[in-house]
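One structure is given here, and the rest of the page talks about it.
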Amino acid sequence: GAVVSQHPSWVICKSGTSVKIECRSLDFQATTMFWYRQFPKQSLMLMATSNEGSKATYEQGVEKDKFLINHASLTLSTLTVTSAHPEDSSFYICSARLSGGAEGYTFGSGTRLTVV
Amino acid sequence: GNSVTQMEGPVTLSEEAFLTINCTYTATGYPSLFWYVQYPGEGLQLLLKATKADDKGSNKGFEATYRKETTSFHLEKGSVQVSDSAVYFCALSDYGASKIIFGSGTRLSIRP
């Protein structure tokens with residue numbers, strides 16, 4: 001089936017540094033990818049929708065200058081957390097929509113970011 | 001707007017017990033409905049889905065029926081196992097909105 005590979009699975013970084021998270025669709029082309037953030041014991045919060053070759057669409061309240069999303073090809077989308085702070089520590093998950101939407105969505109395995 | 005309301009957790013059951021996790025939705029049009037499962041430290045996996053009224057999704061002993069009259073999509077399993085311990089998310093996808101909306105998640109713990 002359709003697989004999205006996300007890495008790294010975990011990362012620890014110092015405050016003020018930037019971290020890049022990658023998501024690759026392995027056996028299909030993902031025109032649209034979604035980036036979520038999940039706080040402990042909470043649901044997934046949609047941060048942004050990225051479309052190949054165009055600017056990402058951010059949800060209300062998400063800082064686009066802090067969470068840079070690039071979707072340069074049909075198989076790769078990246079999320080860069082810039083100038084990370086401890087409050088950015090979270091679980092980040094990417095997702096790609098399968099054909100037509102009715103087939104559902106496939107998710108990456110997630111990245112646990114810890115900013116110290 | 002579209003929304004999903006899910007049974008609050010955590011839910012703790014003994015092995016072989018019957019499981020129900022309630023889920024209701026609000027949506028315009030005819031959404032597709034999903035249950036996703038998240039094991040500790042992992043991303044989400046699609047458990048089952050239903051794309052139209054009266055459809056029943058099933059997988060690994062879990063079932064859920066798309067009930068348009070009650071706007072519900074309750075998850076059931078006749079006999080749970082310890083390995084079913086995870087967080088379960090009910091979700092809907094409105095193709096017109098091009099996004100998936102999740103419920104708050106229900107943490108399930110199964111005692112041996």
Side-chain angles (χ1 to χ4, degrees), chain A residues 1-11 21-25 30-51 54 56-60 62 90-114, chain B residues 1-11 21 23 25 27 29-53 55 57 59 64 66 73 86-109:
Chain A
V3 174
V4 170
S5 174
Q6 182 174 348
H7 70 90
S9 56
W10 62 269
V11 58
I21 301 170
E22 291 189 349
C23 271
R24 295 180 183 274
S25 56
T31 306
T32 302
M33 280 200 176
F34 305 88
W35 287 94
Y36 294 86
R37 182 174 182 176
Q38 185 182 31
F39 291 102
K41 299 185 179 181
Q42 295 189 27
S43 189
L44 284 74
M45 181 191 77
L46 179 64
M47 299 174 66
T49 302
S50 75
N51 296 294
S54 64
T57 303
Y58 289 81
E59 297 297 302
Q60 193 171 9
V62 178
S90 192
F91 195 59
Y92 294 87
I93 305 175
C94 65
S95 171
R97 188 177 68 182
L98 301 174
S99 61
E103 295 303 309
Y105 296 70
T106 185
F107 287 81
S109 55
T111 298
R112 182 160 302 285
L113 170 63
T114 302
Chain B
N2 297 341
S3 66
V4 176
T5 301
Q6 192 173 338
M7 178 176 168
E8 293 243 354
V11 173
I21 300 178
C23 171
Y25 68 91
Y30 303 95
S32 295
L33 302 175
F34 308 91
W35 277 100
Y36 284 88
V37 58
Q38 184 180 31
Y39 298 101
E42 298 184 15
L44 273 68
Q45 301 175 26
L46 178 64
L47 181 60
L48 54 84
K49 64 178 172 71
T51 58
K52 61 183 187 297
D55 267 3
N59 185 25
Y66 190 144
F73 193 55
V87 181
Y88 292 81
F89 292 93
C90 185
L92 72 81
S93 170
D94 182 341
Y95 182 75
S98 300
K99 61 176 69 172
I100 187 167
I101 296 170
F102 289 93
S104 56
T106 302
R107 183 174 300 277
L108 174 66
S109 297

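Quick note on labels: first sequence line is chain A, next is B, and so on, each numbered from 1.
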>> Counting only non-hydrogen atoms closer than 4.5 Å, does A/Q6 touch chain B with its backbone (N, CA, C, O), its side chain (CB onward), both, or neither?
In response: neither
> Where on B/Q38 is there a heavy atom nearer than 4.5 Å to chain A: the side chain, the backbone, both, or neither?
Replying inline: side chain
> Within a reach of under 6.0 Å around CD of A/E59, are more than 12 heavy atoms found that belong to other residues, nucleotides or ligands?
Replying inline: yes
> Taking the side chain as C-beta and beyond, is there a heavy-atom pair between B/F89 and A/L44 under 4.5 Å?
Replying inline: yes
> With chain B, which of A/S109, A/S95, A/S9, A/C94 has the greatest number of heavy-atom pairs at distances under 4.5 Å?
Replying inline: A/S109
> Within the side chain of A/S43, is there an N or O that forms a donor-acceptor pair under 3.5 Å with the backbone of B/G103?
Replying inline: yes
>> For the CZ atom of B/F34 and the OH atom of A/Y105, what is their distance to the nearest 0.5 Å?
In response: 6.5 Å
>> If the condition is ring-ring contact (aromatic ring centres under 6.0 Å, His included), which residues does B/Y88 pass it with, not counting sequence neighbours?
In response: B/F62
> For the candidates B/E42, B/Q45, B/K52, which exhibits the highest count of non-hydrogen atom pairs separated by less than 4.5 Å from chain A?
Replying inline: B/E42
> What residue in B/G9, B/A91, B/G43 has the most heavy-atom pairs under 4.5 Å with chain A?
Replying inline: B/G43
>> For A/F107 versus B/L44, what's the shortest heavy-atom pair and its separation?
In response: CB-O, 3.4 Å
> Can you name the residues that form a salt bridge (charged side-chain N to carboxylate O under 4.0 Å, His left out) with A/E22, not counting sequence neighbours?
Replying inline: A/R24
